[in-house]
Structure formats: structure tokens, C-alpha cells
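The structure under discussion appears below in the form of C-alpha cells.
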Number of protein chains: 2
Amino acid sequence: MLDPLEVAAEPNRRRLLHLLAAGERTVTELAAGFTVSRSAVSQHLLLLEQVGLVSARKEGRNRYYCLDAAGMRNLRLLFEQFWTTELDMLVDDARNFTTDRLPTSEESS
Amino acid sequence: MLDPLEVAAEPNRRRLLHLLAAGERTVTELAAGFTVSRSAVSQHLLLLEQVGLVSARKEGRNRYYCLDAAGMRNLRLLFEQFWTTELDMLVDDARNFTTDRLPTSEESS
DNA sequence: TTAATACGTTAGCCATTGCTAACGCATTAA
DNA sequence: TTAATGCGTTAGCAATGGCTAACGTATTAA
């Protein structure tokens with residue numbers, strides 16, 4: 001799975017990103033707040049790292065994960081790209097049926 | 001899978017929501033723009049319907065799918081809920097290490 | 001130095017997902 | 001009415017995802 005938006009959407013990973021917003025944390029620290037194992041959390045983090053949403057720094061035998069600002073900004077961008085059209089649709093209902101569903105007829109008059 | 005955000009994140013489904021923003025469409029019409037089969041598209045639509053992001057209307061032997069405005073608004077809300085904290089973090093870097101990582105020490109002075 | 005402990009990651013398993021192929025059903029044509 | 005066509009959905013399967021258990025490695029204690 002290489003799509004940041006899809007990766008970020010998974011509930012456990014969403015929560016991890018939330019926790020990391022408060023500052024860097026080790027795998028164990030993060031896992032403390034979860035019902036699932038340290039291992040599971042680690043794997044979620046590795047996936048988040050793979051799509052550039054977090055990065056890690058090694059210190060002693062710990063690995064400190066933190067948010068990747070650029071990656072997160074990109075995530076925001078991806079969502080905005082996805083959203084705009086739908087938002088337009090919901091805000092301005094009149095535009096929904098005008099364009100290419102019935103191109104030759106005059107729909108409303 | 002009962003989480004709208006996770007359901008909406010899948011690329012094919014994102015694209016379906018985009019297409020439906022232009023107005024209601026039948027399964028076949030929607031499937032025309034995809035490399036995957038009509039069947040696959042139908043299943044994605046059923047899932048989107050299950051989490052309230054789209055709804056369907058039967059007419060003749062066709063089934064017209066369209067966006068569910070309330071569901072889409074809810075999706076937007078879920079994303080904003082998720083985002084705020086991270087957005088704060090990226091915009092205002094100073095707040096990152098203050099709160100609960102080193103609660104008893106004075107961190108910077 | 002050696003044993004014990006604690007960290008994060010890999011191995012392997014089960015459940016879920018996403019797909020094509022087969023299907024049922026409705027509509028149209030003969 | 002009966003056959004053929006076209007619609008959307010289910011059946012069944014291969015691939016993927018998420019998990020626990022076992023592991024390797026690094027630090028700490030004896």
C-alpha cells in the first residue's frame with residue numbers, strides 16, 4: 001500500500017498520528033495506549049514511515065518516531081484535492097445535473 | 001468495515017465519489033471509466049452505500065447512484081476531527097514538546 | 001564476562017478485501 | 001409467449017492486511 005491517504009485512514013494509524021502530534025515517542029510509549037501489541041504498533045509505524053508521514057531517530061536502544069511535516073502537509077493536500085469537487089457539489093446543489101448527464105436537452109425549463 | 005473515512009480512502013472509491021459529484025450515474029456508466037469490472041464497481045458502490053456516503057434509486061432495470069449529502073458532510077467532519085491537532089502541530093511548532101512528554105521538568109529554560 | 005532484561009522487528013497465521021466469473025432478473029425483440 | 005440482451009448482484013478465490021508469537025540485538029546487572 002503506497003497511498004498516504006489510504007494508509008492514514010486506518011483507525012489505529014490515525015490515532016498514532018494524533019499521539020505523535022504531541023511530540024516524538026518511542027514504540028513502547030505509543031503502544032502503551034493501545035490494546036494491540038507493541039509489535040502491531042511497530043508495524044503501523046513502519047508503514048507510516050514508508051509513505052513519508054513519520055520519520056524515526058535512533059537513540060540508545062530506543063527509536064523515537066515523530067511526524068514528518070512535509071508528509072503531513074502532503075496528506076492535507078491530497079485530501080483537499082479529493083474534496084473540492086464534492087464540497088462544491090454539496091454547497092451548490094444547482095450544479096449537479098447540468099454538465100454531462102443530459103448534454104443535449106434543457107433539463108429544467 | 002464500517003468507518004466512512006477508511007471506506008472513502010480507497011482509490012477506486014475516491015474516484016467513484018468524484019464521478020458522482022457530477023450527478024447521478026448507473027453502475028454501468030460508472031464502470032465505463034474503470035479498468036476493473038462492472039462487478040467490482042458495484043461492490044464498491046454497495047460499500048459506500050453501507051456507510052451512508054451514497055444512495056441509490058431504482059428506475060427500470062437501472063440503479064442510479066448519487067452522493068448522500070449528509071454522509072459526505074459527515075465525512076468532512078470526520079476528517080476535520082482527525083486533522084486539527086496535526087494541523088496545529090505543523091503550524092505552531094512551539095507547542096509540540098510542552099504538554100505531557102516531560103511534565104515535571106522545565107524543558108527549555 | 002556472562003546473564004538477564006528491554007527494545008523494536010520479522011515470521012507465520014487467520015480474517016478481510018477486492019477481484020473475475022457465474023448468476024438471477026428485468027426488459028426488449030421476434 | 002419465448003428468446004435474447006443488458007442490467008446489477010452473488011459465489012468463490014487469490015491477494016492483502018493486521019495481528020500474536022518468536023526472534024535478534026542492544027543495553028544493563030551480577
Side-chain angles (χ1 to χ4, degrees), chain A residues 1-20 23-68 75 82 101-102, chain B residues 1-20 23-68 75 82 101-102:
Chain A
M1 172 140 40
L2 11 49
D3 175 18
L5 219 126
E6 206 176 354
V7 167
E10 199 277 328
N12 283 323
R13 291 194 285 266
R14 272 178 4 222
R15 189 152 157 239
L16 282 171
L17 292 174
H18 259 143
L19 291 171
L20 287 174
E24 63 178 12
R25 294 283 187 279
T26 66
V27 177
T28 304
E29 284 171 353
L30 289 166
F34 285 78
T35 58
V36 298
S37 69
R38 212 168 62 240
S39 169
V41 169
S42 171
Q43 287 171 73
H44 283 304
L45 289 167
L46 289 171
L47 192 52
L48 287 169
E49 188 179 24
Q50 223 175 317
V51 297
L53 292 174
V54 306
S55 59
R57 167 180 77 81
K58 192 152 167 52
E59 181 182 317
R61 65 179 160 188
N62 292 328
R63 215 169 126 83
Y64 286 90
Y65 278 95
C66 67
L67 289 187
D68 183 296
L75 179 65
F82 159 73
R101 195 172 62 90
L102 294 168
Chain B
M1 172 140 41
L2 11 48
D3 176 18
L5 219 128
E6 208 175 354
V7 167
E10 200 276 329
N12 283 323
R13 290 194 285 265
R14 258 152 53 195
R15 190 152 156 239
L16 282 171
L17 292 174
H18 259 143
L19 291 171
L20 287 174
E24 63 178 13
R25 295 282 186 279
T26 66
V27 177
T28 304
E29 284 171 351
L30 290 167
F34 285 78
T35 58
V36 298
S37 68
R38 212 169 61 239
S39 169
V41 170
S42 171
Q43 287 170 74
H44 284 304
L45 288 167
L46 290 171
L47 192 53
L48 287 169
E49 188 178 24
Q50 223 175 317
V51 296
L53 292 174
V54 306
S55 59
R57 167 181 76 80
K58 193 152 168 50
E59 180 182 315
R61 64 180 160 185
N62 294 327
R63 215 169 126 81
Y64 285 91
Y65 278 95
C66 66
L67 289 186
D68 183 297
L75 179 64
F82 159 73
R101 195 171 61 89
L102 295 167

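None of these values were measured; they are calculated from a predicted model. Sequence lines set the chain letters: A, B, ... in the order given, protein chains first and strands last, and positions in each chain run from 1.
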In a table with atom names and distances, give each donor-acceptor pair under 3.5 Å that connects a side chain of residues 32-41 of chain B to protein atoms at least two apart or in another chain.
{"residue": "B/Ser37", "atom": "OG", "partner": "B/Ser39", "partner atom": "N", "Å": "3.4"}
{"residue": "B/Ser37", "atom": "OG", "partner": "B/Ala40", "partner atom": "N", "Å": "3.1"}
{"residue": "B/Ser39", "atom": "OG", "partner": "B/Gln43", "partner atom": "NE2", "Å": "3.1"}

d([atom1], [X]; [atom2], [N]) in whole Å:
X       : N      : atom1 : atom2 : value
A/His44 : C/dG8  : NE2   : C1'   : 15 Å
A/Tyr65 : C/dG8  : OH    : C1'   : 8 Å
A/Arg13 : D/dG17 : CZ    : P     : 9 Å
B/Asn12 : C/dT20 : CG    : P     : 10 Å

Heavy-atom side-chain proximity of B/Leu30 to B/Leu20 below 4.5 angstrom:
yes
Could you tell me if the side chain of B/His18 sits less than 4.5 Å from the side chain of A/Phe82, heavy atoms only?
yes
Out of C/dG8, D/dG8, D/dG18, minimum distance to the side chain of B/Asn62 belongs to D/dG8
Closest to the A/Val36 side chain: D/dC19, D/dT9, D/dC7?
D/dC19
Please tabulate, one pair per line, each protein N/O and nucleotide N/O from nucleotides 10-12 of chain C that are separated by under 3.5 Å, including the distance.
{"residue": "C/dT10", "atom": "O4", "partner": "A/Ser39", "partner atom": "OG", "Å": "2.6"}

Check DNA chain D against residues 3-11 of chain B and give the residues with a non-hydrogen atom under 4.0 Å, in numerical order.
none
OP1 or OP2 of C/dA21 under 4.0 Å from side-chain N/O of B/Arg38
no
Short heteroatom pairs, N/O only, protein and nucleotides 26-30 of chain C, under 3.5 Å:
none

Do any side-chain atoms of residues 3-10 of chain B form donor-acceptor pairs under 3.5 angstrom with protein atoms, and if so which ones, sequence neighbours left out?
{"residue": "B/Asp3", "atom": "OD1", "partner": "B/Leu5", "partner atom": "N", "Å": "3.3"}
{"residue": "B/Asp3", "atom": "OD2", "partner": "A/Arg14", "partner atom": "NH1", "Å": "2.6"}
{"residue": "B/Asp3", "atom": "OD2", "partner": "A/Arg14", "partner atom": "NH2", "Å": "3.3"}
{"residue": "B/Glu10", "atom": "OE1", "partner": "B/Asn12", "partner atom": "N", "Å": "3.1"}
{"residue": "B/Glu10", "atom": "OE1", "partner": "B/Arg13", "partner atom": "N", "Å": "3.0"}

Show which side-chain atoms of residues 45-58 of chain A pair as donor or acceptor with protein atoms under 3.5 Å away, not counting sequence neighbours.
{"residue": "A/Glu49", "atom": "OE1", "partner": "A/Arg63", "partner atom": "NH2", "Å": "3.1"}
{"residue": "A/Glu49", "atom": "OE2", "partner": "A/Arg63", "partner atom": "NH2", "Å": "3.3"}
{"residue": "A/Arg57", "atom": "NE", "partner": "A/Glu24", "partner atom": "OE1", "Å": "3.4"}
{"residue": "A/Arg57", "atom": "NH1", "partner": "A/Glu59", "partner atom": "OE1", "Å": "2.5"}
{"residue": "A/Arg57", "atom": "NH2", "partner": "A/Glu24", "partner atom": "OE1", "Å": "3.4"}
{"residue": "A/Arg57", "atom": "NH2", "partner": "A/Glu24", "partner atom": "OE2", "Å": "2.6"}
{"residue": "A/Arg57", "atom": "NH2", "partner": "A/Glu59", "partner atom": "OE1", "Å": "3.4"}
{"residue": "A/Lys58", "atom": "NZ", "partner": "A/Gly60", "partner atom": "O", "Å": "3.3"}

